[in-house]
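The structure presented is a predicted model; accordingly, all values stated were derived computationally and were not measured.
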Amino acid sequence: MLVKHGVIGLGRLTTSHLPSSSSSSALRRQQFLVRALCGSPIHRPKLIRAMSSTSEADAESVLRTVTPSLDPKRHKGQAGKIAVIGGCREYTGAPYFAAISALKIGADLSHVFCTKDAAPVIKSYSPELIVHPVLEESYSMSQLSEEDQRTVQEKVLGEVNKWMERFDCLVIGPGLGRDPFLLECVSKIMLLARKSNVPFVVDGDGLFLVTNSIDLVNSYPLAVLTPNVNEYKRLVQKVLNCEVDEQNAEDQLRSLAKQIGGVTILRKGKSDLISNGKTVKSVSIYGSPRRCGGQGDILSGGVAVFLSWAQQLKSGPESPSENPAILGCIAASGLLRKAASLAFTKHKRSTLTSDIIECLGESLEDICPAS
């Protein structure tokens, strides 16, 4: 009855809309019922403002804008050179998913810098990837002195640094693990990337590293963080010193990105939310109810490719007004969602990350035909 007569009117109903009553107790019950159904009139407009401050991105339009045409005059490497920093004894699938997704989307070259134990496994997945077995873990350092460990670390950094300026974007974290020596090496790799102005996407255990060392990304506009629900919760607790506020999710995301100095954050969820501390964009098209592990690795590889393509546009005659990192996140989110939807129509409950990867090319072709 109350709904029919417009009681749920976003806080605009007052007691003047209620029938008069000689009974004060009846009036109190009516007031309680209105509050229960409508919420506080004071707080509801605040929620409306928060919702209206976010715009749904036109992901397909962004994909068409940033995806380069296939030009026979181009040479190898011009469509993107991506490097994944990750892969250890326990985790070899995640760096492979990120690196192969970058290739499937359209990057020309995809590298993986991993530990020596992980390298043969990752190489066996595909001959398409360039695998560098240069990272080290603590267990292999246990018999070495501190001086020798520093020497090993310098060697690792030297091996990565000699490639650094060739890369258009790094993906840091898939399959990285939490080994202390390995994390220390990767933190220094991030500093090398910043020194060379190389963009990087941080995912997986890279976010564990960043959450405990915010200065690694603070005020670096070429950094993109792609947290899932738990990783985002830890970031909010660490940086904003509070809990996740779903009622004002967009405003909180904007505050978080701003507090970290304008990095771009892609908060993964039912709708992906993207912010660099100034604007908030949402991507909610397509999608799949199947939540198999590894989809975040596809996303991180995709962000790296599209970010690098958007960077190329920025230096061209038709430079888009939007931030390249924002564009990269929108494009990667939209493509992953479309590919996941397509894979689900084919495989239903048995959909795996590898099935989604196989749908990346078809999904991108549907939006951006090659010819």
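When the side-chain contact (heavy atoms from CB on, under 4.5 Å) test is applied to Ser341, the partners found at least two apart in sequence or on another chain are Tyr286. Partners of Arg150 according to the salt bridge (Lys or Arg N to Asp or Glu O under 4.0 Å) rule, which considers only residues two or more places apart in sequence or in another chain, do not exist here.
Aromatic pair Phe200/Tyr220: centroids less than 6.0 angstrom apart.
Residues Lys268 and Thr226 have side chains that never bring a donor and an acceptor to within less than 3.5 angstrom of each other. Under the 3.5 Å distance criterion, with hydrogens and angles disregarded, no donor-acceptor pair is assigned to the side chains of Ser363 and Asp366. The closest side-chain donor-acceptor pair between Ser282 and Glu56 falls under 3.5 angstrom.
Note on Asp251 versus Arg254: salt bridge recorded, some NZ/NE/NH1/NH2 to OD/OE distance being below 4.0 Å. Salt bridge absent: Lys281 and Asp272 never bring a charged side-chain N and a carboxylate O closer than 4.0 Å. A salt bridge links Arg64 with Glu60: the distance from a Lys NZ or Arg NE/NH1/NH2 to an Asp or Glu carboxylate oxygen falls below 4.0 Å.
The aromatic rings of Phe167 and His111 sit perpendicular to each other, their planes meeting at more than 60°, with 30° as the lower class boundary. Ring geometry for Phe113 versus Trp163: interplanar angle over 60°, hence perpendicular rather than tilted (30 to 60°).
Of all heavy-atom pairs between His75 and Asp108, the closest is O-OD2, 3.8 Å. Residue Gly269 comes nearest to Arg337 through the heavy atom pair O-NH2, 3.0 Å, listed as atom of the first residue, atom of the second, then distance. Of all heavy-atom pairs spanning Thr92 and Ala118, the tightest one is CG2-CB, 3.9 Å.
Residue Phe181 qualifies as enclosed at atom CZ: its count of foreign heavy atoms under 6.0 Å is above 12.
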